[in-house]
Protein chains: 2
Amino acid sequence: MSTDERAAFRSPTLDTVAAAAGVSRATVSRVVNNSAKVSADVRELVDATITRLGYVPNRTARSLAKRRTDSVALVLREADATVLADPYLAAMIIATSRSLVGTGVQLVLVNARDDPEHGTLADYVRGGHVDGVLLASMHADDPLPRILVEARVPTVVGGRPERPVPGLAYVDCDNVGGGRLAAEHLVGTGRRRIASIAGPPDMTAAADRLTGYHRGLAHAGLPIGPIAFGDFTRVSGERAMTELLERAPDLDAVFAANDLMAVGALRVLRAAGRRVPEDVAVVGYDDVELASLTEPALSSVHQPVSEQADTMTELLLRQIGGAAPGDPVLLPVELVRRDSS
Amino acid sequence: MSTDERAAFRSPTLDTVAAAAGVSRATVSRVVNNSAKVSADVRELVDATITRLGYVPNRTARSLAKRRTDSVALVLREADATVLADPYLAAMIIATSRSLVGTGVQLVLVNARDDPEHGTLADYVRGGHVDGVLLASMHADDPLPRILVEARVPTVVGGRPERPVPGLAYVDCDNVGGGRLAAEHLVGTGRRRIASIAGPPDMTAAADRLTGYHRGLAHAGLPIGPIAFGDFTRVSGERAMTELLERAPDLDAVFAANDLMAVGALRVLRAAGRRVPEDVAVVGYDDVELASLTEPALSSVHQPVSEQADTMTELLLRQIGGAAPGDPVLLPVELVRRDSS
DNA sequence: GTCCGGTGTGTAAGCGCTTCCATTGATCAT
DNA sequence: ATGATCAATGGAAGCGCTTACACACCGGAC
């Protein structure tokens, strides 16, 4: 069937219904939006006509008239497919989708790669296809948040932006607290030569976790152990662990800035003949499902992903409704202790 | 900033540009769509005006006028959050998003739970907010595909529908072939008492894998081993494996209909003191990243998820363009052999 | 010089809906 | 009775864009 043919099956419009019910378009519109004063009998008549004709309002037309699309964009700022495989991000997508259920707001998934040159994405948003933007997984140098704020597009960022942007709302998990939690836990179980596999320094989440970890050690009066950097992939975790073992063969614990890298560490440790947790304790971050499936099961800092998504959408919808962006929100994390530490 | 205030910042429209450039709206429109004949100098003038004014076309208005939204829905038919955690589904979402990059078509993620009563979703689609629908993870009794086809909404299903629906396009991975591949592999490595953890019988993918597995055994002249059913979650895999060990303590191989359940089986086997692969060989299905991370690493049937997503979007876009739905597509799978078999 | 076929541009009629404003009867106090 | 008030409805003007159609203008064929 061609587009033309399909057009022949055009569904009834407000006019059709109005004519069939013998009332004006305006009245039908009022009924559909259950707005204002419509007498009970007219309402009933119109409702009946609507179901009889199988009328369903055209969202596009409505959007145009109301200047409101009732949909928001979830923008993923990851060009790299590898990083997109991150289960945390996947969880974020699902959670966001779920938190929108029942609000009548639709979720448009926008892949960052739609945006070869900066500005295109901003234009898209300004094009009026969405009422607001949820920004996930940003990198430090990303100009997008500022652009959006300046274009007065309601925006909420997941995670702390590198530099504060006035009027930019964001919802972060307490990465500093999480890093500290991990350090304190390891110290508390008697570890003294604690190494760390950090994430990419250009991501604030990674930097904050490292900061917290440092603080935890400092607070316990311990020196800062060796640090190797990864990019949140398993392979980079393996590389980092190998490096750490060379630089500090006597380490007795490792804190990895995410679970994928922790899993990599686990493998390298096993290959090197170190027992976990007897010889080396390992703590990961994110608490993705994978963490409970490894052998030994991985201790990890749990992030409230659903809550983060819920908060983000709530802030966004409120902003779309006209409220001020409001203050940043920091969500608490907790350590889930399993067998690896 | 309230909605009203924001409205005050209304961006320039076609009219604004037309007035500023001293031409008609139609001409500006032609330039924007680089359509038809516009003289070089006028085009240049208009282009300049557009950038000067920072004009960006309003997609909603365009959609209304063209009866075309340039966006498609990806509908997830899973009410249950647990199943939504399936990495295969996550991969599907990402892959679909990626395959749309560069087409100018947007992806709207629709959670099935938006659809408490059947019909709502169909209405949504007919509401003209999307040009077509991608259906993922359907269950056998789902009336949606038929409804969509009858409403003449371009639709492509991922996976084989239980009952053939005339005029319904779908893209499936060769589940029968995959099941058979797994069986043949296990037989080929000398296993003789092969058990199976099957998926929910109301999902065609699960049923087909089981069928293929049966055929593989039959072809080798082996009797069909014990079968336990799970629901594609890890926990159900554990339960199933426990049951199988009771019913057939002498089994020497297990084929699980997905990786999550295979991981569950792995744990139960270890707990039961069976060595993998020495005592019991295990093969999973899906080849999600997790499969390469278990200990021992899991052999698994690999599905071409990206290719499936690509094919689906391609078929859909073609259909939206006016082409007939076309024949179902069956994508080949392959066995990835790792340490568990 | 007239007629023809292009070309480039403008005019205006939508696309399907919302919403302001005016209109019409009632209802009520005076 | 008379005007004021109010609820219910209709009329009509948009929302910002596309696109058939008409029109003017041009060069060339006759």
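Chain letters run A, B, ... following the sequence lines, proteins first and then strands; every chain starts at 1. Note: hydrogens, waters and symmetry copies are ignored here, and every other heavy atom, side chains too, is used.
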Student: Given 3.5 Å as the limit, does a donor-acceptor pair link the side chain of Asp131(A) with the main chain of Ile320(A), or not?
Tutor: no

Student: Is any side-chain nitrogen or oxygen of Thr27(B) closer than 4.0 Å to OP1 or OP2 of dG10(C)?
Tutor: yes

Student: Considering heavy-atom distances to DNA chain C, does Gly22(B) or Ala61(B) have its closest nucleotide positioned more toward the 5' end?
Tutor: Gly22(B)

Student: Write down the distance between CG (Leu64(A)) and P (dG16(D)), rounded to a whole number of angstrom.
Tutor: 7 Å

Student: Measure the distance from CZ on Arg68(A) to P on dT18(C) and round it to the nearest whole Å.
Tutor: 13 Å

Student: Find the distance Asp15(B):CG to dC17(D):P and express it as a whole number of Å.
Tutor: 8 Å

Student: When you measure from the side-chain N and O atoms of Thr13(B) to the phosphate of dC15(D), is any distance below 4.0 Å, counting only OP1 and OP2?
Tutor: no

Student: Between Asn33(B) and Arg62(B), is any side-chain donor less than 3.5 angstrom from a side-chain acceptor?
Tutor: yes

Student: Identify which nucleotide among dT19(C), dC17(D), dC17(C) has an atom closest to any side-chain atom of Ala26(A), counting heavy atoms from C-beta outward.
Tutor: dT19(C)

Student: Between Lys66(A) (NZ) and dG14(D) (C1'), how many Å, whole number?
Tutor: 15 Å

Student: Tell me whether the side-chain N/O atoms of Asn33(A) come closer than 4.0 Å to OP1 or OP2 in dT18(C).
Tutor: yes

Student: Do Thr313(B) and Ser99(B) meet the criterion of a side-chain donor-acceptor pair at a distance under 3.5 Å?
Tutor: yes

Student: What nucleotide among dC17(D), dT18(C), dT9(C) has an atom nearest to a side-chain atom of Ser39(B)?
Tutor: dT9(C)

Student: Could you check how far CZ of Arg67(B) sits from P of dC17(C), rounded to whole Å?
Tutor: 12 Å

Student: Can you tell me how far CG of Leu74(A) sits from CG of Leu109(B), rounded to the nearest 0.5 angstrom?
Tutor: 8.5 Å

Student: NA contact type, Val32(B), heavy-atom cut-off 4.0 Å: base, sugar-phosphate, or nothing?
Tutor: nothing

Student: Reckon Ser63(B) has a side-chain N or O less than 4.0 Å from the OP1 or OP2 of dC15(C)?
Tutor: no

Student: Is there a donor and acceptor pair closer than 3.5 Å between the side chain of Arg30(B) and the base of dG10(C)?
Tutor: yes

Student: Rounded to whole angstroms, how far apart are CG on Asn34(A) and C1' on dT18(C)?
Tutor: 15 Å

Student: Consider the side chain of Val38(A), meaning its heavy atoms from C-beta on, and name the nucleotide among dT9(D), dA13(D), dG16(D) that approaches it most closely.
Tutor: dT9(D)

Student: By the 4.0 Å heavy-atom rule, please label Ser29(A) as base, sugar-phosphate, or nothing.
Tutor: base

Student: In whole angstrom, what separates His129(A)'s NE2 from dC17(D)'s P?
Tutor: 13 Å

Student: Quick check: are there more than 12 heavy atoms from other residues, nucleotides or ligands sitting under 6.0 Å from CG of Asp41(B)?
Tutor: yes

Student: Between C1' on dC15(C) and CZ on Arg59(B), what's the gap in Å once rounded to a whole number?
Tutor: 17 Å

